[in-house]
Amino acid sequence: MTPVQPVRGTQSLLGEDADRLATVVAAFERVRRLYGFKRVEVPTIEQTAVFARTIGETTDVVSKEMYSFEDRGGESITLRPEFTAGICRAYISEGWQQHAPIKVATHGSAFRYERPQKGRFREFRQLDAEIIGSGEPQADVELLGFAEQLLRELKIEGAILKLNTLGDPETRSAWRDALHEHFRSRASELSDDSRARLERNPLRILDSKAHQDWPVVDSAPVIDDFLTDEAADFFGKVTQGLDAAGIHWERAPRLVRGLDYYRHTAFEFVTDRLGAQGTVLAGGRYDGLIESLGGPQTPAVGWAAGIERLAMMIEVPARETSRAVLVPLGERAEAAAQRILADLRRTGVAADMAYRGNMKKRLSRANDAGAAYVIIVGDDELDRGEAQVKNLATGEQRAVALDDLTAAVIAA
RNA sequence: GCGAUCGUAGCUCAGCUGGUUAGAGCACUGGUUUGUGGUACCAGGGGUCGCGGGUUCAAGUCCCGUCGGUCGCCCCA
């Protein structure tokens, strides 16, 4: 038996896989500033009620996927399964309301107790962007622009924006009732899974993967027939804004979102490159959420993206390399090399030192590290106040005065 | 929670219908080159065959259980 094992569904990454995640986060941070979203930090843990009340008691996320535990004070605490609820809690309890409307963004780990599979982990990382306190369709457009530009900068091809509206509360409940009626009348034609969804969450039958359900789904009532004038107008303004901004989208009239808090705009960027986990970034408008946490009626829109899923789709990131690697030979040389190394780093030159093994080994390590130069320091060189600088690409080597090392290594 | 599949060296894997000291490539260490890499050659270290039990004269190989990985269902980023 292995002495220690990682917790199921957690990851420990080194090298390319770790670099991929960092690349995604770096792009997110860059685009975030372009769109004027403020960086925020929120706790990894919240009182369980924060998630239970907002996400929906009947959703799988709340009913079976939360990492909840009782702390020593007897309080029920939950590891965040997403960011939105925690950010809204902070909006209320930290006085962020005074800055409304606010555009905020964050990223970090989230936790869901699920069976791991491709693109899905128990501890996973999300990017998150929210606009709180803004009920205008322009907010939806701006938020989608952020998402679209992020995916574009990550060079993720083939992720298409599927867009729908769930309407306002009246729309949604009228449509839901009609769907419920429709599916119930034809329950015998539905798959077992969908029959189970009938009472719990009839909307989800719409995106059932079972072929058996297709005919019933195709003939189901469509949201457009239930939209109030206001809801239709809002959606029209969102789509016009997207068109004006040059953001491509596809209408997905059967797109619904799993979490209870969504209203009006709902969207997903989907791909066929990640197996069963095609959704790479998703979100929507959640005008009722903050109220459900005891705050004032506050309109808001947001999205979340799976960092691991994005990381699987980007090109291999460029390797991080040192500009120069020092190879000291002998104790006196090691002390001198420490000095040179510190000087190089303080002047902004990425440098490293190979201090074990024979010379062949050390040069080999410098080569593996992708260094442009190797600086060889031995007693002979020290006595002359110089070091050997070798260009690993060309193989050429020359003596350079210790004082000129930084310049020699910076110069192309 | 359900289903399928896999689990042999640090990594990727081979090991045929059960049969002597379990192999390869890469990586690692040393050497060919007492201070010169990227190529090549030589040598070396490293394995309770996930774990537990069972069948058998004999189990890495068959059976059961268990833990873990992977992929799918549900659901979701």
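Scope of the values below: all heavy atoms of this structure, side chains included, with no hydrogens, waters or symmetry mates. Per chain, numbering begins at 1; letters A, B, ... match sequence-line order.
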Peer 1: Got a salt bridge between D128(A) and R80(A), using NZ or NE/NH1/NH2 to carboxylate O under 4.0 Å?
Peer 2: no
Peer 1: To the nearest Å, give me how far apart CG (L382(A)) and P (G35(B)) are.
Peer 2: 16 Å
Peer 1: Rounding to the closest angstrom, what is the interatomic distance between G3(B) and C74(B) at atom P?
Peer 2: 15 Å
Peer 1: If you round to the nearest 0.5 Å, how far is CZ of R53(A) from SG of C88(A)?
Peer 2: 12.5 Å
Peer 1: Look at all strands and tell whether A393(A) reaches a base, only sugar-phosphate, or nothing, counting heavy atoms closer than 4.0 Å.
Peer 2: base
Peer 1: Between C63(B) and G10(B), how far apart are the P atoms? Round to whole Å, please.
Peer 2: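 Rounded to whole Å, the distance is 27 Å.
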Peer 1: Please enumerate all protein N or O atoms sitting under 3.5 Å from an N or O of nucleotides 32-34 of chain B, with distances to 0.1 Å.
Peer 2:
{"residue": "U32(B)", "atom": "O4", "partner": "K360(A)", "partner atom": "NZ", "Å": "3.2"}

Peer 1: Ignoring hydrogens and geometry beyond distance, is the side chain of Q388(A) in donor-acceptor contact with the base of U36(B) at under 3.5 Å?
Peer 2: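 No, no donor-acceptor pair under 3.5 Å.
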Peer 1: When rounded to the nearest Å, what value does the distance between C1' atoms of U8(B) and U48(B) take?
Peer 2: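 After rounding to an integer number of Å, I get 12 Å for this pair.
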Peer 1: Which listed nucleotide (G35(B), A77(B), U36(B)) is nearest to the side chain of A304(A)?
Peer 2: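 The closest nucleotide is A77(B).
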Peer 1: Around atom OH of Y67(A), are there more than 12 heavy atoms from other residues, nucleotides or ligands closer than 6.0 Å?
Peer 2: yes
Peer 1: Run the numbers on Y91(A) and Q97(A) for side chain to side chain contact (heavy atoms under 4.5 Å, CB included), then give the verdict.
Peer 2: CA-CA 6 Å; Y91(A) 178 83; Q97(A) 302 174 50; 3.5 Å; yes
Peer 1: When the C1' atoms of U29(B) and A9(B) are considered, how many whole Å apart are they?
Peer 2: 15 Å
Peer 1: Salt bridge or not between R172(A) and D168(A)? Use side-chain N to carboxylate O under 4.0 Å.
Peer 2: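 Salt bridge absent between R172(A) and D168(A).
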Peer 1: Just checking, R323(A) and Y373(A): is the charged tip under 6.0 Å from the six-membered ring centre and within 45° of the axis?
Peer 2: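 That pair does not qualify as a cation-pi contact.
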Peer 1: Measure CD1/I376(A) against P/G37(B) and give the value in whole Å, please.
Peer 2: 10 Å
Peer 1: Could you tell me which nucleotide pairs with A58(B) by Watson-Crick or G-U wobble geometry, both distances under 3.5 Å, or answer none if nothing does?
Peer 2: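 Pairing partner: none.
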Peer 1: Nearest heavy-atom pair of F37(A) and V104(A): which atoms, and what distance?
Peer 2: CD2-O, 3.4 Å
Peer 1: Could you check which nucleotide pairs with A27(B) in any of the strands shown, counting Watson-Crick or G-U wobble with both distances under 3.5 Å?
Peer 2: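 By the stated definition (distances under 3.5 Å), nothing pairs with A27(B).
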Peer 1: Scan G395(A) against the nucleic acid and name what it touches under 4.0 Å (heavy atoms): base, sugar-phosphate only, or nothing.
Peer 2: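 Base contact.
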Peer 1: Taking for each residue the nucleotide of RNA chain B bearing the nearest heavy atom, is the 5' side occupied by L363(A) or by R8(A)?
Peer 2: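 It is L363(A), whose closest nucleotide lies nearer the 5' terminus.
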Peer 1: Quick check on G37(B): is either OP1 or OP2 less than 4.0 Å from any side-chain nitrogen or oxygen of N391(A)?
Peer 2: no
Peer 1: Distance check needed: C2(B) C1' versus E114(A) CD, whole Å only.
Peer 2: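 These atoms are roughly 14 Å apart.
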Peer 1: Rounded to whole Å, please give me the gap between CD in E123(A) and C1' in A77(B).
Peer 2: 14 Å
Peer 1: Compare every heavy atom of E16(A) with every heavy atom of P317(A), then report the nearest pair and how far apart it is.
Peer 2: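 Here P317(A) and E16(A) meet closest at CD-CG, 4.2 Å.
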Peer 1: May I ask you to say what K361(A) touches in the nucleic acid, namely base, sugar-phosphate or nothing, with a heavy-atom cut-off under 4.0 Å?
Peer 2: sugar-phosphate
Peer 1: Using only modelled atom types and a 3.5 angstrom limit, is any donor from either the side chain of E381(A) or the base of G35(B) paired with an acceptor on the other?
Peer 2: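 Check passes, donor-acceptor contact within cut-off.
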Peer 1: Need the pair for C16(B). Rule: Watson-Crick or G-U wobble, both distances under 3.5 Å, any strand; none if unpaired.
Peer 2: none
Peer 1: Given W303(A), which partner from the list Y286(A), Y262(A), F269(A), F146(A) fulfils the ring pair (Phe, Tyr, Trp, His ring centres under 6.0 Å) test?
Peer 2: F146(A)
Peer 1: Taking CZ from F269(A) and C1' from A77(B), how many angstroms apart are they, rounded to a whole number?
Peer 2: 13 Å
Peer 1: Please state how far atom CD in Q117(A) lies from atom C1' in C71(B), giving the value in whole angstrom units.
Peer 2: 7 Å
Peer 1: Nearest of C28(B), C71(B), A77(B) to any side-chain atom of K118(A)?
Peer 2: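 So the side chain of K118(A) is nearest to C71(B).
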Peer 1: Considering only side-chain heavy atoms of N358(A), which listed nucleotide, G30(B), G37(B), G31(B), is closest?
Peer 2: G31(B)
Peer 1: Between atom CG in L14(A) and atom P in A27(B), what is the gap in whole Å?
Peer 2: 17 Å
Peer 1: Can you tell me the distance, in whole Å, between the CD atom of E386(A) and the P atom of G35(B)?
Peer 2: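 From E386(A) CD to G35(B) P: 19 Å.
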Peer 1: Which residue, R120(A) or A305(A), contacts RNA chain B at a nucleotide closer to its 5' end, judged by nearest heavy atom?
Peer 2: R120(A)
Peer 1: Given 3.5 Å as the limit, does a donor-acceptor pair link the side chain of N164(A) with the main chain of P253(A), or not?
Peer 2: yes
Peer 1: Which whole number of Å gives the distance between the C1' atom of U20(B) and that of C26(B)?
Peer 2: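 Straight-line distance between the two C1' atoms is 30 Å.
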Peer 1: Identify the nucleotide, in any strand shown, that forms a Watson-Crick or G-U wobble pair with U21(B), with both distances under 3.5 Å; if there is none, say none.
Peer 2: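 U21(B) is paired with nothing.
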Peer 1: Does G15(A) reach a base, just sugar-phosphate, or nothing at all? Heavy atoms under 4.0 Å.
Peer 2: nothing
Peer 1: Could one point to a donor on the side chain of N367(A) or the base of G37(B) with an acceptor on the other under 3.5 Å away?
Peer 2: yes
Peer 1: Roughly how many Å apart are C41(B) and U33(B), using the C1' atom of each and rounding to a whole number?
Peer 2: 13 Å
Peer 1: For A40(B), give its Watson-Crick or G-U wobble partner with both distances under 3.5 Å, or none.
Peer 2: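 Pairing partner, where one exists within any strand: U32(B).
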Peer 1: Hey, are R285(A) and D140(A) close enough for a salt bridge, meaning a charged N less than 4.0 Å from a carboxylate O?
Peer 2: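 Looking at D140(A) together with R285(A), the answer is yes, because their closest N to O distance falls below 4.0 Å.
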Peer 1: Grab the N/O contacts between the protein and nucleotides 3-8 of chain B below 3.5 Å, and write none if there aren't any.
Peer 2:
{"residue": "G3(B)", "atom": "O6", "partner": "R115(A)", "partner atom": "NH2", "Å": "3.4"}

Peer 1: Among C75(B), U70(B), G37(B), which nucleotide has an atom closest to any side-chain atom of R197(A)?
Peer 2: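 The closest nucleotide is C75(B).
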Peer 1: Given the C1' atoms of A22(B) and G60(B), what is the spacing between them in whole Å?
Peer 2: 8 Å
Peer 1: List in chain and number order the residues that pass side chain to side chain contact (heavy atoms under 4.5 Å, CB included) with R184(A), two or more places apart in sequence or in another chain; answer none if no residue qualifies.
Peer 2: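 For R184(A), the residues satisfying side chain to side chain contact (heavy atoms under 4.5 Å, CB included) (neighbours in sequence not counted) are H180(A), E181(A), L198(A), E199(A).
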Peer 1: For Q397(A), answer base if it contacts any base atom (sugar-phosphate contacts may also be present), sugar-phosphate if it contacts only those atoms, and nothing otherwise; contact means non-hydrogen atoms under 4.0 Å.
Peer 2: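 Base, at least one base atom sits under 4.0 Å.
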Peer 1: Identify whether the distance between the nearest side-chain nitrogen and carboxylate oxygen of K162(A) and E250(A) falls below 4.0 Å.
Peer 2: yes
Peer 1: When the P atoms of C62(B) and C49(B) are considered, how many whole Å apart are they?
Peer 2: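 After rounding to an integer number of Å, I get 15 Å for this pair.
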Peer 1: If pairing requires Watson-Crick or G-U wobble contacts with both distances under 3.5 Å, which nucleotide is the partner of C71(B)?
Peer 2: G3(B)
Peer 1: Taking any heavy-atom pair under 4.0 Å as a contact, classify L392(A): base, sugar-phosphate, or nothing.
Peer 2: base
